[in-house]
Amino acid sequence: MLEKIAFQGEPGAYSHLACRQAYPELDPLPCQTFEEAIAAVKSCEAKLAMLPVENSTYGRVADIHALLPGSGLFIIGETFVPVAIQLMGPKGAKLEGVKTAMSHTVLLGQCREFLAEHKIRAITGADTAGSARQVFEANDPTQAALASELAAEINGLEILARDVHDNKHNATRFLVMSRQKIEAEPAAPKVLTTFIFQVRNVPAALYKAMGGFATNGVNMVKLESYMVDGSFTATQFLADIEGHPDDPNVRLAMEELAFFTSYRRILGVYPAHPYRDSVRLAAD
């Protein structure tokens, strides 16, 4: 029996596509919620979980940042999936006959120009792959779905128009979660360290806590804040930095961070995905 990798959503979801691309040797395990995907790994039903954390157009994925610290899992890798959106319909359907297109509200927002051009009305669905399944079940040539090519393949739909997204450089970042703590080697070419912390209740604590990274030349590529337990007075931060905790400059920065924080925990030390370099080159 193949080992499994859990993801949230139905077969054909972009998370499923991330699993297939990054771990083709593992059997994808669809779960209804992010919590169920995490639980599948903790219970040994799955070896890994593939969780989306942010989208280059729409920002962070709701709930994930709050779930990561208490998941009991470790980040062992990251991957990126370009959000290529296809318009699909039942066998025999034609683009000119499509009246409605169903998808997740976020995906619908990424295809506004295409839908307006073709006078197609947007219908909000629970998710992308589920919308594809509903269109297959309805078997109505006037109803289409917006989803991945994998969703069309799984649900037996025909692609009526390809790459209909407005932003051609849109991508979603996923984190790979494991029960085992597997860290990148310090000598690895490019390493990311993800950690959470809470600052002390003193003036300018966050500014001072961040100062150590600047003075030691550590590049912080991500800093997110969110409330803890619904409190407006307790804020937790999640950060990604370039470098390994064993690197001298990172070690000094983390030591300085300790002076101004009441809580710190590393969630993962893992190789940076090559997609990051391709984005930088495109930007340059």
Under 3.5 Å donor-acceptor, His118 side chain and Ile120 backbone: no
Among Val81, Leu51, Val61, the one residue meeting side-chain contact (heavy atoms from CB on, under 4.5 Å) with Phe174: Val81
Distance-only donor-acceptor check, side chains Tyr270 and Thr194, under 3.5 Å: yes
Minimum-distance pair of heavy atoms, taken over all atoms of [X] and [Y]:
{"X": "Leu107", "Y": "Leu146", "result": "CD2-O, 3.5 Å"}
{"X": "Ala132", "Y": "Ala147", "result": "CB-CB, 4.5 Å"}
{"X": "His244", "Y": "Val269", "result": "CD2-CG1, 3.5 Å"}
{"X": "Gly12", "Y": "Leu150", "result": "CA-CG, 4.0 Å"}
{"X": "Met177", "Y": "Val41", "result": "O-CG1, 4.5 Å"}

Intermediate values then yes/no, side-chain contact (heavy atoms from CB on, under 4.5 Å), Leu238 and Leu267: CA-CA 9 Å; Leu238 183 144; Leu267 300 180; 4.2 Å; yes
side-chain contact (heavy atoms from CB on, under 4.5 Å) assessment of Glu242 paired with Arg276: CA-CA 12 Å; Glu242 292 182 343; Arg276 289 180 176 271; 5.9 Å; no
Same apolar cluster (I L V M F W Y, side chains within < 4.5 Å links), Val176/Leu29: no
Neighbour count above 12 (heavy atom, 6.0 Å) for Glu137 CD: yes
Atom CD of Glu25 with >12 non-hydrogen neighbours under 6.0 angstrom: yes
Stepwise side-chain contact (heavy atoms from CB on, under 4.5 Å) check, Ile182 with Phe74: CA-CA 8 Å; Ile182 305 172; Phe74 300 95; over 6 Å; no
side-chain contact (heavy atoms from CB on, under 4.5 Å) assessment of Ile154 paired with His16: CA-CA 11 Å; Ile154 289 175; His16 183 186; 3.7 Å; yes
